[in-house]
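Down below is the structure, laid out as structure tokens.
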2 protein chains.
Amino acid sequence: MEPEKQQRIWDAVLREFAAKGYRDASTNRIVEDAGIGKGMLFYYFKNKAELFRSALVYCLDYIEEEYVRRLDFSEPDFIVRFSKAVEAKMAAYLRNPLPFTFLASFHINREAVEIAPDLYSRLQEMGNKGMQALFADVDVSLFRDDVAPEHILNIIRWVMDGWSQDIIAHLEREALLDYDWESTTKKLYELFAVLRKVLYKEVQNGDSKGQ
Amino acid sequence: MEPEKQQRIWDAVLREFAAKGYRDASTNRIVEDAGIGKGMLFYYFKNKAELFRSALVYCLDYIEEEYVRRLDFSEPDFIVRFSKAVEAKMAAYLRNPLPFTFLASFHINREAVEIAPDLYSRLQEMGNKGMQALFADVDVSLFRDDVAPEHILNIIRWVMDGWSQDIIAHLEREALLDYDWESTTKKLYELFAVLRKVLYKEVQNGDSKGQ
DNA sequence: GGGTCTCTTGACCACTCTGGTCGAATTGTG
DNA sequence: CACAATTCGACCAGAGTGGTCAAGAGACCC
């Protein structure tokens, strides 16, 4: 099948499941949105449940390939490490946001877990491993001494999360194309400099570490 | 009508609308969940749209009364001001979370706006006014000089938001009753002390300002 | 008791939408 | 042409929809 049509179908499937969850998703709306006949969907997927499972596998593979595999946990500086992770996630999200929104809705909604308990645990395991790796072997000696490292880690995490949530909220209002990415990344590196200034030890030499 | 039954009905209505949105909400499920006959719902509300509007008014009034009205914007210290706001919101949320979740879903979902455009703008206005008041006339002279005040305000906001999101995430997993509130508030004040230490000017006398 | 009122019920209605089927049409390939 | 792989959408039985309404239930007054 032409990959362009395939993509249209996946888009429609993920959009519908993400918006409505498993039970309330409508195969009629999916085929209409994808611009294909009803029979075609059930020619390639034997029923709704299998379609849902296939969509989950598609998304898990996509995110594994396009996001998780590209993470680099060797960096000891937590701000650099975390910011790379945020950037990688943002990049993958902007390339195709649907797998993220679909998996997010799957993670929240209780109902669909029984359709695919194995894939649900695969998702959970992915999240847990990522979180563990993200916080493992951080060079806490960079942090200032008069605050517990746990607090510093939390603050950095919360600030980064808040920042990206602000960005996404903006993106949903403004058009994606004419968004000013240059000034956004510039502001992000400003933010890193601030975090480093307030949460890290004072550096001896003057130049900042931000790339 | 007995207030206990009234509460049961509102709970069912808000739960259903919050979970499914206007279009996909089912009046059948509402009456079943509330434990009343179908006719009763349409005896007090002439149709689904009016029920939805009444639920919105109920929630807006609730939040106005139980949360917004109790905010205090006279405090010049931003951490104290914001923390009071967070505490007030948390308290109101824990007393009855449904109005918050219902209004949140209404704010996100595009579909129901046309049913109640006036109430949608009332909600937006409430949010905007709150945000404006929250950031107005903050005593920035408390902040350290070597970081732009805008950054400091953002960091405090993101940290508080992240903190409360963590709490809510915990609450959804653990039971609400046997949650250790004492250690939670203790940790919160620790967090304030940290924020003050890293984002404010050094204080002359040693004791912290946290109440 | 009877009369009248408010409150409450759930069977019932016409209608829409559901997941899924299937015979027929179309297309690609040789 | 034949043969197979695709693609379509009309069609199905069944579930669920918002809303109605005749029939009570219970309270209060005369």
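Heavy-atom basis, side chains included; hydrogens, waters and symmetry copies ignored. Chain A is the first sequence line, chain B the second, and so forth, proteins listed ahead of strands; every chain is numbered from 1.
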Within this structure, what is the [atom1]-to-[atom2] distance between [X] and [N], rounded to whole angstrom?
| X | N | atom1 | atom2 | answer |
| --- | --- | --- | --- | --- |
| A:Glu50 | C:dG20 | CD | C1' | 14 Å |
| A:Asp24 | D:dG16 | CG | P | 11 Å |
| A:Phe52 | C:dG19 | CZ | P | 13 Å |
| A:Leu51 | C:dT18 | CG | P | 14 Å |
| A:Arg23 | D:dA15 | CZ | C1' | 14 Å |

Item to complete: Name the residue closer to the 5' end of DNA chain C, choosing between B:Ile36 and A:Ala49 according to the nucleotide with the nearest heavy atom.
Response: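 In this pair, the answer is B:Ile36.
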Worksheet item: For the ring pair A:Tyr58 and A:Phe102, is the centre-to-centre distance below 6.0 Å?
Response: no
Discussion item. Quick check: B:Tyr62 with B:Tyr67 (ring centres under 6.0 Å apart)?
Written reply: no
Discussion item. C:dT18, OP1 or OP2 - any side-chain N/O from A:Arg29 closer than 4.0 Å?
Written reply: yes
Worksheet item: Can a side chain N or O of A:Asn28 be found less than 4.0 Å away from OP1 or OP2 on C:dT18?
Response: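 Answer yes for this pair, as a side-chain N or O of A:Asn28 is under 4.0 Å from OP1 or OP2.
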Practice prompt. State which of C:dT18, D:dG18, D:dT7 makes the closest approach to the side chain of B:Thr27.
Written response: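 Closest nucleotide to the B:Thr27 side chain: D:dG18.
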Worksheet item: Where the side chain of B:Lys5 is defined as all heavy atoms beyond and including C-beta, which of C:dG19, D:dG18, C:dT8 is the nearest nucleotide?
Response: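 Among C:dG19, D:dG18, C:dT8, the one nearest the side chain of B:Lys5 is C:dT8.
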Discussion item. By the 4.0 Å heavy-atom rule, please label A:Ala25 as base, sugar-phosphate, or nothing.
Written reply: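 Sugar-phosphate: the residue A:Ala25, judged by heavy atoms under 4.0 Å, touches backbone atoms but no base.
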Worksheet, complete the sentence: In numerical order, the residues of residues 37-47 of chain A whose heavy atoms come under 4.0 Å of DNA chain C are A:Lys38, A:Gly39, A:Phe42, A:Asn47
Practice prompt. With B:Arg81 as the cation and B:Phe78 as the aromatic partner, state whether NZ or CZ is under 6.0 Å from the six-membered ring centre and within 45° of the axis.
Written response: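 No, B:Arg81 does not lie over the aromatic ring of B:Phe78.
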Discussion item. Given 3.5 Å as the limit, does a donor-acceptor pair link the side chain of A:Lys84 with the main chain of A:Ile79, or not?
Written reply: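 The answer is no, because no donor-acceptor pair under 3.5 Å joins these two groups.
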Practice prompt. Using atom types as modelled and distance alone, determine if a side-chain donor or acceptor of A:Arg69 lies under 3.5 Å from a backbone N or O of A:Glu64.
Written response: no
Discussion item. Do B:Lys89 and B:Phe100 have side chains that approach each other closer than 4.5 Å (heavy atoms only, starting at C-beta)?
Written reply: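 Heavy-atom side-chain distance check passes, below 4.5 Å.
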